[in-house]
Each structure stands twice: as C-alpha cells, then as structure tokens.
Amino acid sequence: MAPLRVLILGGSAEASALARLLADDDRFAPVLSLAGRTKAPVLPPIPHRIGGFGGVESLARWLGDPGADLLVCATHPFAAQMRRNAVEAARRTGTPMLIVERPAWSPVEGDSWTGVADMAQAAQALGQAPRRVLLTVGRKDLAPFVEAPQHDYLIRSIDAPPAEGLPPRAQVITARPPFGEACERRLLEARRIEVVVTKNSGGGDTAAKLAAARALSLPVILVERPLAPDLSGLDVQHAVDGPEALAWLEARHEAASRLLRV
C-alpha cells in the first residue's frame, strides 16, 4: 500500500520526537508544519514547512490538496488558536486526528504556586509592591506586564522580544531549553529573583525552574492552560508523547493494510 500521508502540526518537543521516530519509516509520508515563531527553529529529519496556514479554510484546503490521510496536532499546549483551527479543519474534512499533549505540571510538597487563568491575572498577582521577577511566558505575551511597570523583570525567551514591547525595567536573556536545575538555581540566586512567572507548559525541558524555585522557597505564579476545543463529532484520539503518537499511526496503518487484504 502507499505510505499514509501525515500532517504534523508542530511546535513542541513531542512533535520533534515524533518526527525523529518517523524518519526513514516508509510506511508514512509525513510533513511537519512549524508556525515560524522562532527565528532559527531546529529543523526535523523529515519534510517540513514553515509558516502558518492562515486560518481554518487554508488548513482544510491543505488537508485536501496536497492532502493528508491523518492529522497529528502536536502544537505547544498554549497554541490555542492553532489547535482550534486544526479541530475545525479535521471536522470539515473528516480527517482522523490525534492530539498530542504532554501532562501539565502538578505541585508537590514544598511548592508555593498561585494558579491564574491568563497573563493579565498573572501581572495582577504580582501585586503593587516592586518585586524581582523571572518571566518565562514567551515573547508575545508581555503586554500585561508593561502595565505593571513597578517590577524588575528578567525575561527569558528563545528569541528576544521587540524592545518597544518590553516593560520599562526589564532585562532580556535568550536561551533555548532544556535547562538544568543547578543552572536555574544559580540564575535565581544571582539575579536575586523573588517570584517566578511562567506557563503550565508541562514536560521536562523547562521544569527545572520549578524545582529550583522550590529549593529556594520562591513563589511561582503559574498561568493555566487554555480550555480545550469542542471535539464532538470528530474521529480523534489523544497521546502524551512521541512513542504513543507513533503507536497510533502504526495502528492506523495496520487497519488500512487489513482493509486492502480483505
């Protein structure tokens, strides 16, 4: 049988892991799509495209031509609009879909977390008194913190945010995960950080800052994940990592092979 055509919507470590697992696997013809939000993304060992689709209509057209037999949504947990578009495009085209999402972080003994719904609430939770803040929420979500200019922010992101969009008392460091706990602890101590603000992205690559904050008894303001889209009427399954996603693809391939043998 012909290889199954798979469109992978990437932007996560899980998408990259799946791409590596699919390299040289002739059962599948995958394409990894990257949104292009980072200037120098780590390119996969499979065919790929860079840049958004421009909305539901364009994504649905792509699923029809050049075409995909299966859709894997392995975007970042906070890429809410892309996930909504993927769900609607799969619904319109009848494309079987897998959502790959790593588990969210959960507090353990010694953590001092405050969960908030969005960035505006995170900025408000810092309070009125000036604080030294480690801010790791991405370079596109800084506007609410500009409205809280009394704090000293240390902003870490893969690419530097535009200077005009920074809070007035902000310093920027660029770095790409994974990060180790010892390095995170040294950073928090050297910069005299008093509170950490981050997204509940889950996964191991960026969890070390939480362990370091726990060790130093620092509070963490954690922005919770956006609500999941409505999945009614979809042929959809879930996985938490690359190997589980590969198992789903293999099951789909076996099912298609059985139909041809009948």
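Predicted, not measured: the structure shown is a model, and the values here were computed from it.
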What is the distance from atom [atom1] of [X] to atom [atom2] of [Y], rounded to the nearest 0.5 Å?
X	Y	atom1	atom2	result
His253	Arg258	NE2	CZ	11.5 Å
Leu71	Thr93	CG	OG1	7.5 Å
Thr198	Leu134	OG1	CG	7.5 Å
Leu210	Asp111	CG	CG	7.0 Å
Leu34	His48	CG	NE2	7.0 Å

**Study point:** Ring centre gap for Phe145 and His151 strictly below 6.0 Å
**Key:**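 Ring-ring flag for Phe145/His151: false, centres at least 6.0 Å apart.
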
If the condition is side-chain contact (heavy atoms from CB on, under 4.5 Å), which residues does [X] pass it with, not counting sequence neighbours?
X	answer
Ala17	Arg20
Ala208	Glu181, Glu184
Pro3	Ala29
Arg186	Ala182, Cys183

Check your understanding: Which residue pairs pass the salt bridge (charged side-chain N to carboxylate O under 4.0 Å, His left out) test when at least one of the two sits in residues 82-102, sequence neighbours left out?
Key ->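 The answer is Glu14-Arg102, Glu57-Arg92, Arg83-Glu101, Glu88-Arg91, Glu88-Arg92, Glu101-Arg225.
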
Practice item. Using the salt bridge (charged side-chain N to carboxylate O under 4.0 Å, His left out) rule, collect all pairs that involve residues 119-142, keeping only residues at least two apart or in two chains. Key: Asp141-Lys199

Review point. Can Leu249 and Leu22 be said to form a side chain to side chain contact (heavy atoms under 4.5 Å, CB included), step by step?
Key: CA-CA 10 Å; Leu249 291 174; Leu22 290 176; 4.0 Å; yes

Specify the closest pair of heavy atoms between [X] and [Y], including all atoms of both residues, with the distance to one decimal.
X	Y	value
Val240	Val100	C-CG1, 4.2 Å
Ala160	Thr174	N-CG2, 3.5 Å
Phe53	Leu9	CE1-CD2, 3.7 Å
Cys73	Ala86	SG-CB, 4.2 Å
Thr95	Asp69	CG2-O, 3.8 Å
Pro161	Leu166	CG-CD2, 3.6 Å

Check your understanding: Who else is in the cluster with Val56 when I, L, V, M, F, W and Y are joined by side-chain contacts under 4.5 Å?
Key -> none

Please say yes or no: joined through hydrophobic side-chain contacts below 4.5 Å, possibly via intermediate residues, are [X] and [Y] part of one cluster?
X	Y	answer
Val220	Leu216	yes
Leu59	Val31	yes
Leu126	Val137	yes
Trp113	Val223	no
Leu63	Met97	yes

Sub-4.5 Å side-chain heavy-atom contact between [X] and [Y]:
X	Y	answer
Ile173	Arg191	yes
Leu7	Leu32	no
Ile158	Pro177	yes
Thr136	Lys209	yes
Val195	Leu218	no
Val196	Leu135	no
Pro243	Leu21	yes
Leu154	Leu187	yes

Review point. Side chains of Arg169 and Gln150: donor-acceptor distance under 3.5 Å anywhere?
Key: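 Arg169 vs Gln150: no donor-acceptor pair found between side chains.
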
Practice item. Kindly indicate, with the supporting measurements, whether the criterion side chain to side chain contact (heavy atoms under 4.5 Å, CB included) is fulfilled by Val133 and Asp152. Key: CA-CA 6 Å; Val133 184; Asp152 291 292; over 6 Å; no

Review point. Do Arg176 and Asp159 meet the salt-bridge criterion of a basic N to acidic O distance under 4.0 Å?
Key: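 Result for this pair is no, no salt bridge flagged.
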
Tell me, please, which residues at least two apart from [X] pass side chain to side chain donor-acceptor pair (under 3.5 Å).
X	result
Glu224	Asn200
Ser58	Arg61
Arg49	Ser33
Thr206	none

Exercise for review: Run the numbers on Leu231 and Ile99 for side chain to side chain contact (heavy atoms under 4.5 Å, CB included), then give the verdict.
Suggested key: CA-CA 10 Å; Leu231 301 179; Ile99 296 176; 3.9 Å; yes

Point to revise | side-chain hydrogen bond (donor to acceptor under 3.5 Å, both in side chains) partners of residues 237-251, not counting sequence neighbours, each pair once | key: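 Qualifying pairs, neighbours excluded: Arg27-Glu250.
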
